Amino acid sequence: MDKIGILAELNEKQKEACQIIEGPLLILAGAGSGKTRTITYRIAYLIASGINPINILAVTFTNKSAEEMKQRVQSLIGDRSNFMTMGTFHSICSRILRKHAELLGFTSNYAIYDQKDSINLIKKIISNLDLPKETFKPKRIKNVIGKLKRELVSPEQYEKSAYSPNMLKIAIIYREYIKYLKLNNSMDFDDLISKTVLLLEKYPEIKLYYNNKFKFILVDEYQDTNRIQFKLINLLSDVYNNICVVGDDDQSIYSFRGADIENILSFDQVYKNTKTIRLEQNYRSTKYILKAASSVIVNNVERKGKTLFSDWKNGEKLNLIESYSSMEEANTVMEEIKKLNKRGVSLGNLAILYRTNAQSRSLEMAAQKFQIPYIIVGSVKFFERVEIKNIIAYLNILANPKDNMSLLRIINVPTRGIGKKATQTLEFEAHFKGKSILDIIPNIASMDIPSRSIKAINNFYSMYIKIKNNSKNKGVRKTIEIILEETDYIDKMYNKTDPESVSRIENIEELLNSANEYDIINENGNIETYLQQVSLFTDIDRWKEVSDRVNMMTVHSAKGLEFTGVFVVGAMDGLFPHIINLESNDKIEEERRLFYVALTRAKEYLTITYSRTRDFHGSINPSIPSRFIKEIPETLFKNKPYFKYDNSLLEEPKDNIFETNIDNNLAIHPVFGKIRVIKTTGNGDQKRAYI
DNA sequence: CTCTGCGCGATTTTT
DNA sequence: TCGCGCAGAG
Ligand SMILES: Nc1ncnc2c1ncn2[C@@H]1O[C@H](COP(=O)(O)OP(=O)(O)OP(=O)(O)O)[C@@H](O)[C@H]1O
């Protein structure tokens, strides 16, 4: 397609955005206004204008959207597009780091640790340092360290600024953590970005090289970038300043990962000659849906106001459904899905969106009961399943023998008589000598380890060598097959009559298939790049829309997607907005943005459901509808809510039922009638009853 | 060294 | 409710 053809599929504002080829460009626009479409077409337009695709860098939020964007551009301007660079910040940085790892004291086969790996490592460090894990909660420490990395604060700097003994301890954990990662030739997610920034800052010639390579930079979902990501694109675009960012401040929902809304709000102050384009027409949703979403988001104070209109039909009003329990809620949703399906909406065009992954349980049960095909995105992520992680750990030690974390993960899986004592000694010796465990195993005879274990370890080591030799240049799939064979993994781990085992074996087969796909697509691929790729994979990346199944996912995962019909479930105060974010206005505003994102995923049909009770780890608690529902004008609902909620209820959410009526382990519950109370915990509004 | 079972604590979102 | 860490028996 030529330039004219490309522009023909855009509105005036969108065209204008394409035709501004040079200089800083900010596209600020509401949901469904075609931001992603504009950026995609702009890339095609750049190429059609004679710009070399090699000089284009596009950053997307997920691997999947990068893939989609790539295909869309290809369909517009053909195979030339193959030469551009597209991906998430993390995948782009990992590719850059592969080339220059040595300059940072790593090698190109470095492993990437995910959140869980990092937390496990921190746990270990905390216990090695004999620190109480109640004060030093691994997850919290990980967050602190992540934040420090994103701000490029070193352990030494942090130590200097510490003003409490606990902060000094954290500085030590941080230092140990970095040391351990380096020794393992591994990086965590934050390292990928921050080390790339350090690389560009430290080596002007490398910075210049990438400036010349990526002369045109585009960033989608810019509202969810963090400061260091800004720093990165700032460095990359330093020479040419051709930087186009696209986003919607109302859809910033990743502050917990450091996303800073300031990035988009002050873009035009940082880049003085920024041109700003606002897209105001929504092409996605009916008028009623758009009106509902707008009435919610206007309650936020910290925002750049935007106009957003739709030329489409009014459409159907919103459905508001009240239930007594999450199970009933889930069942009702399934009934509604059947109805919409009968009216011609295919299951694949429907989505159930929720605040937390735990909510998918009752939905899954209901879908099975109603025999509705479904797909859950995200809750138990494919590459985080034990069976998959174990095999990946085997691959990791082949690709990166320094990776002690992976080695320790599988040295006794399947069990082969290498116990805690023996592995601890190995770990200690390795640490003492500053070497990796695989390095020191050949000297095992000199260590204080019982002979039975020595034998087991030696057997493991010769198996490792055998796998390593046999799998050389054999492709990823074959390598995994060799691992499975040599370790006798399936037979030793699973029993084929147990349904749990069957599903795990199926997952392993799926891994083999995807490895095979990788081998075919990447002719000169290798295990190292395969691993670096899959380490950055998320569940949404594996998600294929083609199958006709109802989609279930968190609102976070649904970012950027659209569906004909959307069900927003669990709209109760304390769940959505989540209780943990009720303390400050900032946090409530982010919950509101999240709710806004949820509503704006819908094209034609939108249903909001809530339940009068909320499940919490087996206990059931009374709850009231989300405050966000109240922000939608009642006239936009098909049906008036049965439940009258008002301010007094919002301010006084306590329900004293459990306190007053518990007697002889029997209580009268307003919803369930007579119940038996098994135990209660907490007091006042913390009181929980297990029934 | 391995396996099982019991008690405890936790509230979210994910590249 | 569920996933963990730990103790204690085989
Ligand atoms: N000019 C246009 N003509 C027809 N359809 C359009 C136009 N622009 C956008 N659309 C359609 O509107 C829908 C939303 O577009 P897109 O996903 O690009 O919006 P967005 O602004 O990125 O949304 P969000 O902020 O919710 O991620 C898509 O189905 C897209 O094809």
Side-chain angles (χ1 to χ4, degrees), chain A residues 59-66 87-94 112-116 118-120 123 127 133-134 137-140 142-143 146 150 187-193 221 224-226 228-229 252-259 353-359 361-362 377-381 383-384 386 412-423 449-450 452-453 455-456 535-541 553-559 570 574-582 587 590-591 593-595 597-598 614-621 678-679 681-682 686 688 690-691:
Chain A
V59 187
T60 59
F61 200 72
T62 63
N63 295 300
K64 185 177 153 67
S65 45
T88 63
F89 276 105
H90 293 87
S91 78
I92 290 162
C93 288
S94 82
I112 300 173
Y113 281 12
D114 66 20
Q115 182 81 355
K116 278 218 182 101
S118 307
I119 288 177
N120 282 337
K123 246 187 225 165
S127 92
K133 57 177 181 300
E134 297 74 35
K137 294 204 176 92
K139 205 168 151 191
R140 213 197 91 234
K142 171 74 185 55
N143 280 338
R150 291 193 293 268
M187 304 199 200
D188 66 16
F189 285 142
D190 295 310
D191 285 332
L192 294 175
I193 319 278
E221 307 281 11
D224 275 320
T225 53
N226 58 36
I228 190 138
Q229 289 166 341
S252 175
I253 55 177
Y254 278 91
S255 68
F256 68 92
R257 233 169 55 191
L353 307 183
Y354 35 81
R355 178 65 179 78
T356 68
N357 282 308
Q359 292 168 260
R361 265 187 72 93
S362 51
V377 179
S379 68
V380 203
K381 293 167 189 67
F383 283 97
E384 281 176 13
V386 245
N412 201 29
V413 179
T415 49
R416 42 174 84 88
I418 307 173
K420 211 169 154 190
K421 225 17 202 281
T423 45
I449 294 176
R452 271 230 323 254
S453 307
K455 210 166 154 200
S535 309
L536 298 175
F537 253 39
T538 69
D539 230 39
I540 196 101
D541 299 324
M553 63 186 89
T554 62
V555 182
H556 281 94
S557 308
K559 172 177 161 120
L575 185 56
F576 201 175
H578 199 277
I579 188 157
I580 226 156
N581 289 333
L582 290 180
K587 293 183 170 181
E590 178 148 324
E591 292 282 319
R593 291 195 290 270
L594 192 59
F595 199 74
V597 169
R614 175 171 169 210
D615 307 348
F616 178 72
H617 300 324
S619 74
I620 294 179
N621 316 289
I678 293 167
K679 71 166 177 174
T681 56
Q686 292 298 308
R688 307 275 181 254
Y690 291 76
I691 57 177

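All values derive from a computational prediction rather than experimental measurement. Chain A is the first sequence line, chain B the second, and so forth, proteins listed ahead of strands; every chain is numbered from 1.
- When each of Asn63(A) and Arg452(A) is assigned the nucleotide of DNA chain B bearing its nearest heavy atom, the one mapping closer to the 5' terminus is Arg452(A).
- Between the CZ atom of Arg140(A) and the C1' atom of dA10(B) there is a distance of 16 Å, given to the nearest Å.
- Position along DNA chain B of the nearest nucleotide to Thr423(A) versus Thr88(A) favours Thr423(A) as the more 5'-ward residue.
- Between Lys587(A) and Glu590(A), none of the side-chain N atoms (NZ, or NE/NH1/NH2) sits under 4.0 Å from a carboxylate O, so this pair counts as no salt bridge.
- The interatomic distance linking Asp224(A) (CG) with dT14(B) (P) rounds to 13 Å, in whole Å.
- Nucleotide dT15(B) holds its C1' atom 8 Å from the CG atom of Leu536(A), rounded to whole Å.
- In this structure, the CD1 atom of Ile119(A) is 13 Å from the P atom of dT14(B), given to the nearest Å.
- Between Met187(A) atom CE and Cys93(A) atom SG the span is 10.5 Å, to the nearest 0.5 Å.
- When heavy atoms are screened at a 4.0 angstrom cut-off, Ala456(A) is found touching no nucleic acid atom at all.
- With respect to Asp190(A) and Lys142(A), a salt bridge is recorded, a charged nitrogen being found less than 4.0 Å from a carboxylate O.
- Other residues, nucleotides and ligands place no more than 12 heavy atoms under 6.0 Å from the CZ atom of Arg361(A).
- OP1 or OP2 of dT13(B) has at least one side-chain nitrogen or oxygen of Asn357(A) nearer than 4.0 Å.
- Distance His556(A) NE2 to dT14(B) P: 7 Å, rounded to the nearest Å.
- Note: Phe576(A) and Phe595(A) have perpendicular aromatic rings, judged against thresholds of 30 and 60 degrees for the angle between ring planes.
- The side chain of Ser453(A) lies closest to dC1(B) when the candidates are dT2(B), dT14(B), dC1(B).
- Between Phe61(A) and Phe89(A), the ring centre distance reaches or exceeds 6.0 Å.
- Counting non-hydrogen atoms under 4.0 angstrom, Ile580(A) reaches a base of the nucleic acid.
- Between the CZ atom of Arg355(A) and the P atom of dT13(B) there is a distance of 7 Å, rounded to whole Å.
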Got a list of protein N/O to nucleotides 2-6 of chain C N/O distances below 3.5 Å?
residue	atom	partner	partner atom	Å
dC2(C)	OP1	Arg361(A)	NH1	3.1
dC2(C)	OP1	Arg361(A)	NH2	3.1
dG5(C)	OP1	Lys123(A)	NZ	3.3

| message | side chain to side chain donor-acceptor pair (under 3.5 Å), that's the test. Do Ser94(A) and Ser91(A) meet it? Break it down for me. | response | CA-CA 5 Å; Ser94(A) 82; Ser91(A) 78; 5.8 Å; no
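- Taking atom NZ of Lys137(A) as the reference point, atom P of dT12(B) lies 13 Å away to the nearest angstrom.
- Phe89(A) comes within 4.0 angstrom of no nucleic acid atom, judged by non-hydrogen atoms across all strands.
- A donor-acceptor contact under 3.5 Å is formed by the side chain of His90(A) with the base of dT15(B).
- Residue Phe256(A) places its side chain closer to dT14(B) than to any other of dT14(B), dT12(B), dT15(B).
- The gap from the C1' atom of dT13(B) to that of dC4(C) amounts to 22 Å, rounded to the nearest Å.
- Side-chain contact between Lys64(A) and Phe537(A): absent, with no pair of heavy atoms (C-beta onward) separated by less than 4.5 Å.
- Using a 4.0 Å heavy-atom criterion, one finds that Asp190(A) contacts no nucleic acid atom at all.
- Atom pair Tyr354(A):OH and dT13(B):P shows a separation of 10 Å (rounding to whole Å applied).
- Contacts of Ser557(A) with the nucleic acid, taken as non-hydrogen atoms under 4.0 Å apart, involve only primed sugar atoms and P, OP1 or OP2.
- The nucleotide whose nearest atom lies closest to any side-chain atom of Gln115(A) is, among dT12(B), dT2(B), dT14(B), dT14(B).
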